[in-house]
Amino acid sequence: MDTNTTPSNFIRSIIEEDLASGKVKKVVTRFPPEPNGYLHIGHAKSICLNFGLAKDYNGTCHLRFDDTNPEKEDVEYIESIMEDVRWLGFDWGEHLYYASDYFPQLYDFAVELIKQGKAYVCELSAEQIREYRGTLTEPGKESPYRNRSVEENLELFERMKNGEFEEGSHVLRAKIDMAAPNVVMRDPVLYRIKKVPHHRTGDQWVIYPMYDFTHCLSDAIEGITHSICTLEFENNRPLYEWILEQVYPKPHPQQIEFARLNLSYTVMSKRKLLQLVEKGIVRGWDDPRMPTLAGLRRRGYTPEAIRDFCERIGVAKANSIVDYALLEHCLRDDLNQKAPRAMAVLRPLKVVIENYPEGQVEYLEAVNNPNDPKAGTRLVPFAREIFIERDDFMLDPPKKFYRLAPGREVRLRFAYFIKCTDVILDEAGNVVELRAVYDPETKGGSAPDGRKVKATLHWVAAEHSLPAEVRLYDHLFNKEDPNEGDLFENLNPNSLEVLSDARVELSLKDVQPGDKFQFERLGYFCADLDSTAERLVFNRTVPLKDTWAKLQKK
RNA sequence: UGGGGUGUAGCCAAGCUGGUAAGGCACAGGACUUUGACUCCUGCAUUCCCUGGUUCGAGUCCAGGCACCCCAGCCA
């Protein structure tokens, strides 16, 4: 029954050992986003990892909002995060938590720490704390407030809670070791005063716990067994363990770090993504060029493709930048199986078939998906005037170009062979229209006499087709690592191209936003959120692989 | 010059107790083709950051280097 083919990794090894040794009975993981931005594909890696582990080892995975900084957080983000996790295909069931729900318990743990003489209220300013912290190579020095009595600390901390002090005037700090080589351990701040209402607790609190204090205890409270986070928290692990060691009974959750995902040509930092949104470089968090799950969804990516991708990239500890082409491959792989085919002409070039009866329309049978016989067939109208892709015709074709050219015969997909008989140019010498003749004997696309053509073109009847807007996307940045140098100078000015004169086949009349298709010979497209019955709008999710384009570059 | 990590092909990444370098993407050929798509074959690391050492044998063990990443928020 276990058809799990997920490749193994060092985290799975740890879990398997813990299960085998009996150290852990049931695996409990968690995905702990801070609701201060939209989820992106880097989060997808973490979501797939945490939920995937829980699923594969018959455990559970919690969704917990790490909402300890009300200044940056918002319910808008909470909602989008839940929507995105669900969309990706994961279910936290009953296990929805908020660190803010633990504020009362966290406060009690802080009091406990004070009673043990392991935390104190410090009145140094932020700048002073920084100075006292020392540097990476020199030890820090102890705060003059470090040796207050337990009673005084207790009283001061309570007064902090009661709002008697100004923001920044007092903090609660752990009393660890100002000379620790790991700066995280140099009396880290545990609580700070913020007289800011919280999106969930309102104005109930004016002191808020820091990440380091909150995270380990939240994990412990929820019975998390394996607390999986990214590499930059490796330095914080000793503090994670120190806090639990002081106030929480064993067993403790185990923190394990892995390398976050980086994708070529894209940025993954929430701060940078926020900038793109705020500066209006993209249309919003769900702009189809964004690596956010909302953006990818709008672009036409499927959850299946993203999950497949997350599985293929693996989990390890080495920093890396994954080739965007792998994501695209996963998408094509998925859509090739399930996207119905349709014909659309992005840059129309009119062809008049001179020997085809004027006014006649016939309906030709087209296969909906050659990879899925169950998808059936549909009828597409054919007439005397059609549009083909401009790129499918060349006046003076090079050797390897085997599409339409003067005097040349090609096949129109599911229709007839046509031969180009004449080319109409404007004064500037641009091709504006083609004249052709068709062979009635080749209906359906094959010649009874057995003659072959080298190319098959997609097409659309001129009258019997629909106008549409098509949005073509490219990487938002033109550098493999956009973080190298100035981010905004690395922007790709051509990341969006809007084609407003495209034509699509009639069967696409009633498409709904999100509907996905393969436009034959072009790529995978989906109807955009902006698409209406009056104005069809399609996003190109990803182009098909294009051997001809590759040849042209040579 | 402190501490914590990581280094296997163009990009990811397996490689567990040493036994003679998985897989995927990309790329290059070829077959097939009513999508120059898909599919299918074939090729793609005498070598695992470097240098020594141990061993019959080392990507795997030991020693010493080198490179890159993270840490001095009252962010997470």
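Lettering of chains follows the sequences in order, A, B, ..., and the numbering in each one begins at 1. Keep in mind that this is a model prediction, so the values were computed, not measured.
- You'll find that the side chain of Arg133(A) is closest to A72(B), out of A72(B), A76(B), C75(B).
- At A14(B), none of the side-chain N or O atoms of Arg12(A) fall inside 4.0 Å of OP1 or OP2 (strictly under the cut-off).
- Taking atom NZ of residue Lys317(A) and atom P of nucleotide U6(B), one finds them 5 Å apart after rounding to whole Å.
- For a distance-only test at 3.5 Å, the side chain of Arg237(A) fails to qualify as a donor-acceptor partner of the base of G4(B).
- Listed candidates were G5(B), U6(B), U35(B). Nearest to the side chain of Ala318(A) is U6(B).
- Taking atom CD on Glu520(A) and atom P on A37(B), their separation rounds to 13 Å, with Å as the unit.
- Mapping Leu522(A) and Glu123(A) onto RNA chain B by nearest heavy atom places Leu522(A) closer to the 5' end of the strand.
- The CD atom of Glu138(A) sits 12 Å away from the P atom of G2(B) (whole-angstrom rounding).
- Distance from the side chain of Asn69(A) is smallest to A76(B) among C11(B), A76(B), G36(B).
- A close approach under 4.0 Å does not occur between any side-chain nitrogen or oxygen of Arg312(A) and OP1 or OP2 of G23(B).
- Between G2(B) and Thr135(A), no contact under 4.0 Å exists linking OP1 or OP2 to a side-chain N or O.
- With U39(B), G36(B), A13(B) as the candidates, the nucleotide lying closest to the side chain of Ser320(A) is A13(B).
- Counting non-hydrogen atoms under 4.0 angstrom, Thr68(A) reaches the backbone sugars and phosphates but no base.
- For the pair Glu34(A) CD and C75(B) P, the interatomic distance rounds to 10 Å; values are reported in whole Å.
- Nucleic acid contact class of Asn236(A) (heavy atoms, under 4.0 Å, all strands): base.
- Going from the P atom of C62(B) to that of A72(B) covers 32 Å, rounded to whole Å.
- Straight-line distance between the P atoms of U6(B) and C61(B): roughly 13 Å, to the nearest whole Å.
- Taking atom C1' on both A45(B) and G23(B), the two are 14 Å apart, rounded to the nearest angstrom.
- Between Arg341(A) and Asn368(A), every side-chain heavy-atom pair lies at or beyond the 4.5 Å cut-off.
- Candidate nucleotides A13(B), A72(B), C75(B) were compared by shortest atom distance to the side chain of Ala316(A), and A13(B) ranks first.
- Here the separation of G10(B) from G52(B), taken at their C1' atoms, is 31 Å to the nearest Å.
- With hydrogens and angles disregarded, no donor-acceptor distance shorter than 3.5 Å links the side chain of Thr230(A) to the backbone of Glu232(A).
- Listed pair Lys454(A) / U33(B) fails the phosphate criterion, with no side-chain N or O lying under 4.0 Å from OP1 or OP2.
- Taking the six-membered ring for Trp and the full ring otherwise, Phe525(A) and Phe519(A) have centroids separated by under 6.0 Å.
- Using C1' as the reference atom, C48(B) and U39(B) are 34 Å apart when rounded to the nearest Å.
- In terms of position on RNA chain B, the residue among Ala259(A) and Asp546(A) whose nearest nucleotide sits closer to the 5' end is Ala259(A).
- Judged by distance alone with a 3.5 Å cut-off, a donor-acceptor contact links the side chain of Asn235(A) to the base of G3(B).
- Using a 4.0 Å cut-off between a side-chain N of Lys or Arg and a carboxylate O of Asp or Glu, Asp439(A) and Lys419(A) do not qualify as a salt bridge.
- Annotation: cation-pi geometry not satisfied between Lys194(A) and Tyr208(A) (NZ/CZ under 6.0 angstrom from ring centroid, within 45° of ring axis).
- Of the candidates C71(B), C74(B), C38(B), C38(B) carries the atom nearest the Asn371(A) side chain, counting heavy atoms from C-beta on.
- Nucleotides G24(B) and C66(B), compared at atom P, are 38 Å apart to the nearest Å.
- The six-membered or imidazole ring of Tyr98(A) lies near that of Phe65(A), with a centre-to-centre distance under 6.0 Å.
- The separation between Arg332(A) atom CZ and A26(B) atom P is 7 Å, rounded to whole Å.
- Distance check on atom P: C25(B) versus C40(B) gives 10 Å, rounded to whole Å.
- In this structure, Val367(A) reaches neither bases nor backbone, as no heavy-atom distance under 4.0 Å exists between it and the strands shown.
- Contact annotation: Thr456(A) side-chain N/O to U33(B) OP1/OP2 distance is not under 4.0 Å.
- Atom NE2 in His329(A) sits roughly 10 Å away from atom P in G24(B) (whole-Å rounding).
- Between Tyr120(A) and Phe157(A), the gap from one ring centroid to the other reaches at least 6.0 Å.
- For Arg403(A), the side-chain atoms get nearest to G36(B) when compared with the rest of G2(B), G36(B), G5(B).
- The residue Lys400(A) sits close to a base: some heavy atom pair falls under 4.0 Å.
- G18(B) sits 11 Å from U54(B) when the C1' atoms are compared, rounded to a whole Å.
- The separation between Asn182(A) atom CG and C71(B) atom C1' is 7 Å, rounded to whole Å.
- Within the structure, a side-chain polar atom (N or O) of Lys550(A) is placed less than 4.0 Å from OP1 or OP2 of C27(B).
- In this structure, Arg186(A) atom CZ and G2(B) atom P are separated by 13 Å, rounded to whole Å.
- Counting any heavy atom pair closer than 4.0 Å across all strands shown, Gln518(A) reaches a base atom.
- Contacts of Pro370(A) with the nucleic acid, taken as non-hydrogen atoms under 4.0 Å apart, include base atoms.
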